[in-house]
Amino acid sequence: MCDKLNIKKPTLSKSQKRKLKKIEEEKERELLSAKTSELLDKYKISEDVSLLLQSSKAIGRSDTKLEKRRRPMQLSKAGVLSDEPVKEKDDSDSLMDDEPTTPENRILTTLQTDSDQLIHDDELDSKVIMSAEEVCEEDEAKIREEDENMYMNLQRTRRDDDDEEGLQRMDVSEDVTVQGPAFVVHVSRPAEVEQTRKDLPIIMMEQEIMEAINYHPTVIISGKTGCGKTTQVPQFLYEAGFGSKQFSSRSGVIGITQPRRVAVLATAKRVAHELGVRLGQEVGFQVRYDKKIGENSAIKFMTDGILLREVKSDLLLRRYSVIILDEAHERSLNTDILIGMLTRSIKIRQEEYMRQQKFIQTGGTIASEKVISPLKLILMSATLRVEDFVSGQRLFPKPPPVIEVPTRQYSVTIHFSKRTDEVNYMGEAYKKVMSIHKKLPQGGILVFVTGQREVDNLCEKLRKSSKELVVQAARRDASEKKKLDDDGSFGGVDMKEIAEAFDDASNTQDYRFNSFGEDPSETGNVNYDDFDEEDMYESDEESDWETIEDDSLANSLVEDGKKFDALRAAFKALADKKGSESTEPTTSTEAEPEEEKKPFTPGKLRVLPLYAMLSPAAQLRVFEEVEEGERLVVVATNVAETSLTIPGIKYVVDTGRAKAKSFDIKTGMETYEVDWISQASASQRAGRAGRTGPGHCYRLYSSTVFSNTFEESSPPEITRVPVDGVVLLLKSMNIPKVENFPFPTPPEASSIKQAERCLKALEALDSDGRLTPLGKAMSDYPMSPRHSRMLLTVIQMLKEARDYSRANLVLGYAVASAAALSLQNPLIMQFEGENKNEYEDDKQRKKDRKDKIKAARDRFSNPSSDALTVAYVLHSFEAAENGVGFCESNGLHLKTMHEMSKLKDQLLRLVFSCCKSRRGEVMEKRGIVQNPALQQEEELLGEAICAGWADRVARKTRSTEYQACAVQEEPVFLHRWSSLINSAPELLVYSELLRTNKPYMHGATRVKPEWLDPKPYYSRELDRVFCWVVPSFGPHLWELPAHSEEVRDDRYRAAVFGCALLQGEVLPCLKSARALLAGKPETLLEREGWGLERVGSLVTALEKKKIDSLESLRKRWEQNSNLLYPEIEAWFQKKSRHHEIPCDNKSFESLHSTPSTLV
DNA sequence: GAGCACTGC
């Protein structure tokens, strides 16, 4: 069999050979698969034994330490005698307990050399072929014999068992038989896919990876972008029977999470394609608003948020057999929580599995749908920095193995700037791009800057320079024979322009806004007049740059300067070797740029901006082919670091900065700050230059700054953001002590405390920090707790106002407001994609656009609330015939509007599914536009918004200046763009406090004083009426924590008790009769309401008889059983009055003879 | 008179 495969056919041409080989292989494949299935039928064995078979499959490879240790144990378990001593071990232990825990051992596999790969590549056409070839190894027969003996033994023991235990065992053993050696699901990939797959280093590691997964509950796989881990590992699992209904212990779905929606879609499509199946069949996906997944899907791609929701409803994730958390190094909030949750899921599943196995062994039966198998967890990361996951015992009792996958990444040469310009990095970036363009061979340039405005400014400057460069070149060509000396411009770049780029007033102002915001004159480095011609040239001489060959080594190199030269030489040799092996020898791109000194004519620049807020169409332009002779320059924010990979980039210019939102935990004030990125980020940015060939990364900072100032990696999200949502989610999953949750990196204790304070203010937690029913309901909505609180308040209010005809409309507004407050304000228009070179034209257009936006804002503006304004915008957008045109003409951000619309629809569905009575009354979108909310409806919505932001109240001090209760030190301001700017109400709540020039409030809503007063209440425990008191202190009238005390005013006390009585808080029998009430009991609490007949008479009756507690009511009723009868009856609808009033003295007696019914 | 990196249920 082996010989056949190796037969040489020397007389044939290459393609003929290839064809012939293919045919042969096909034949072999058929033959072998027939043989295999024959064997499979013959030997039906247990899982334990199959594991043995798996390891022995790899003939020619010596056993790993792990296998050596495990084998005797498995043999003895399978009932096979073994000479080797058997270490007796609990099964659960054996799953967790593995190699010693030194870091070296944790790396099961390291880089595989390329030569290894060459050999294997030829053999590796498909998994089936591979195993077939292995089977034909010399020792095969011998081992087969041994195995056969083993199976015979096993069959014997099994039969004995069956005899003893009868039919009950049948189900289980049947399952086990299919699990036998056939741990292979046959896959037919398109030929083209097989071809490209072969080149992925990870393909060679399938066995190592699967082995690690088989033996460990958790495995970490690390490999840089492009190593194929995201697409291949799910396929390995699939081929090994995970997700297949045939293997009961692996029948659960393979779940893979991604932090971003686009990545979910892209990878799902890719894997479906590679497996040769249709998306939605074997391979499915789910993101927030989109889902394509079938009953038979074995592989499910999803965002981490989706899985988190699923964990919430089933902690054990019974639907899954494996969970892969991809991009774990990004340390996104959701991924971090999932890691913590899943460590628990694994543990419980394992315990449950053991319990079931024991039960089955003692003769019990378990319905097949209840059978539980262990859950596997795979963390995938682009960096080897996984200490947070493996260190300590918080997460995993035993550190999981780490498998490192090599990447076919081209070498990237790192150039550090020798000096670091603390302020004018934009000028440096401009200079570097122009000098690359002038001196270095073709290849795209990617520049990392911090924000949208920087992107736009730099784009503009570069475009202008490019234009002039072309003009210059043309002129030079024309006058070439005149042999003109250099005319004083740098490669055709006007020096004035360059100076302008540095000195531009608007620019410098921006850059000083960053975190190194000292006075530029003090830092010394910022003399803008410095840039004379000579400096321009010199600044880019080699002497100004420190060059390192491989980014991954940059770290160690800069740490030890002395060894630098020797190391550098060594690594250069390494890099050269790597380069020659892995790249196509295109000499023009292979040559070192430094050696490339010959003059060459720079062509046009194709300058493109890239940031997240850019329209998708504009973003896609970076993927377009560049014209002949053009050079692509992409000026990007952080999007290009993680979310988007641009093809054809050879040079990266890294400013080393990024803008990030920071958050003051005490005041809730947010700011955007420019700060240094982390070393990991820098390495990620550099890697973008090596995707299509060897590249270069120019860092506009020194290696000293890099190693001394840069953090090793960016802090995980959970340490940077408010965690109220996290705390609510965990509490809703029965984790009362959030601080004990096994976070990979726990949030600050103060952060958790603040979150609990917030949730208490929202009444999601009681004073002891326990989840309230309201909190439970809030956690079911896919929003931040504030938004869900607001929505639930509206629903509650509408329920109280029964049969309110416009309830749907109000709900529509509530949902739209929630959606509006959840996203960015769409009224902030982007001036994107406009031709900024046409100056006069541009100015006029800008003005036109501004006027248009202003008019639109006025049209939609609701003077009482920004949220309602945006809600109205949303309804109008949805009603518009042409959404795109609507956004265009009203200056709205299209992407935000689409997102908001989808969010609103999702919320509406959720709300309707909760309030079933209202389902079916489908809301007419057009109807809403024609029916703006009425005054009282606006107030209802305002009150609900107030409930969600009750701790973010501000009171006017003068004009648009406010004092916020969370900010003691300084005033806050109403933003000009707020729709409240003209009305500037006395009191308001804001959803966001952002410091730019001043602390500005965003998302403001007017508040009526009475909405803030905590309502007085009746305490059943104490049988007394209380009201809230907020003491104030000191000259600033600081509010101290609210506390409650008994209501002193007799009449008011009687009214509060009366309200509680009608609400059924006092007598449960009245609670059930509440639907029959003719009016709202809350009217009793408003003094204006006391003028009403039924309100006044009840309050008076209660006050007169001194009834303010159940105790006093009972006493009075004992004296006169008809007391209060008419006053209460007046509260019931007339049609219901001929029925017996549900609560008379008799029922009172019967109800209250047993005190337990009271509480 | 003024601006806001990037994600997600």
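- In this view, A:His975 and A:Trp977, A:Tyr1000, A:His1002 satisfy the ring pair (Phe, Tyr, Trp, His ring centres under 6.0 Å) rule, not counting sequence neighbours.
- Between A:Tyr990 and A:Tyr962, the distance separating the two ring centers is not shorter than 6.0 angstrom.
- Each of A:Glu992 and A:Lys854 was matched to the nucleotide of DNA chain B holding its nearest heavy atom; the match closer to the 5' end belongs to A:Lys854.
- Using a 4.0 Å heavy-atom distance criterion, A:Ala612 is classed as a sugar-phosphate-only contact.
- Minimum atom distance to the side chain of A:Tyr1000 is reached by B:dG3, of the listed B:dC9, B:dG8, B:dG3.
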Is there a side chain to side chain contact (heavy atoms under 4.5 Å, CB included) between A:Leu325 and A:Leu377? Walk through the geometry before answering. CA-CA 8 Å; A:Leu325 304 180; A:Leu377 173 64; 4.1 Å; yes
Side chain to side chain contact (heavy atoms under 4.5 Å, CB included) assessment of A:Ser732 paired with A:Lys312: CA-CA 8 Å; A:Ser732 78; A:Lys312 191 171 179 290; 3.1 Å; yes
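- Neither OP1 nor OP2 of B:dC9 sits under 4.0 Å from any side-chain N or O of A:Gln906.
- Under the 4.0 Å criterion applied to side-chain N and carboxylate O atoms, A:Arg260 and A:Glu327 are not assigned as salt-bridge partners.
- Ranking B:dA2, B:dT7, B:dG3 by closeness to the A:Lys998 side chain, first place goes to B:dA2.
- The distance between atom OH of A:Tyr289 and atom P of B:dT7, rounded to the nearest whole Å, is 14 Å.
- Using a 4.0 Å cut-off, some side-chain N or O of A:Asn997 falls inside it from OP1 or OP2 of B:dG3.
- Under 4.0 angstrom from either OP1 or OP2 of B:dC9 there lies at least one side-chain N or O belonging to A:Thr303.
- As a whole-Å value, the separation of A:Leu994 CG from B:dA2 P is 14 Å.
- Rounded to whole Å, atom C1' of B:dC9 lies 10 Å from atom CG of A:Leu910.
- Listed pair A:Thr637 / B:dC6 meets the phosphate criterion, a side-chain N or O lying under 4.0 Å from OP1 or OP2.
- Residue-level contact check: A:Leu308 touches neither bases nor backbone, having no heavy atom under 4.0 Å from any strand.
- When the P atom of B:dA5 is taken as reference, atom CE of A:Met613 falls 9 Å away, rounded to whole Å.
- For the pair A:Glu970 and A:Arg995, the salt-bridge criterion is met [side-chain N within less than 4.0 Å of a carboxylate O].
- Distance from the side chain of A:Lys659 is smallest for B:dA5 among the nucleotides B:dA5, B:dC9, B:dT7.
- Here the side chain of A:Arg453 is nearest to one of B:dG3, B:dC9, B:dC6, namely B:dG3.
- Distances shorter than 4.0 Å separate some side-chain N or O of A:Arg261 from OP1 or OP2 on B:dC9.
- Residue A:Arg260 contributes atom CZ, which lies 13 Å from atom C1' of B:dA5 at whole-angstrom precision.
- Nearest-nucleotide positions on DNA chain B for A:Lys661 and A:Glu899 put A:Lys661 closer to the 5' end.
- With rounding to whole Å, A:Arg331 atom CZ is found 16 Å from B:dT7 atom C1'.
- Rounded to whole Å, the distance from CE on A:Met733 to C1' on B:dC9 is 12 Å.
- Following rounding to the nearest Å, A:Gln684 (CD) and B:dA5 (P) show an atom-to-atom distance of 21 Å.
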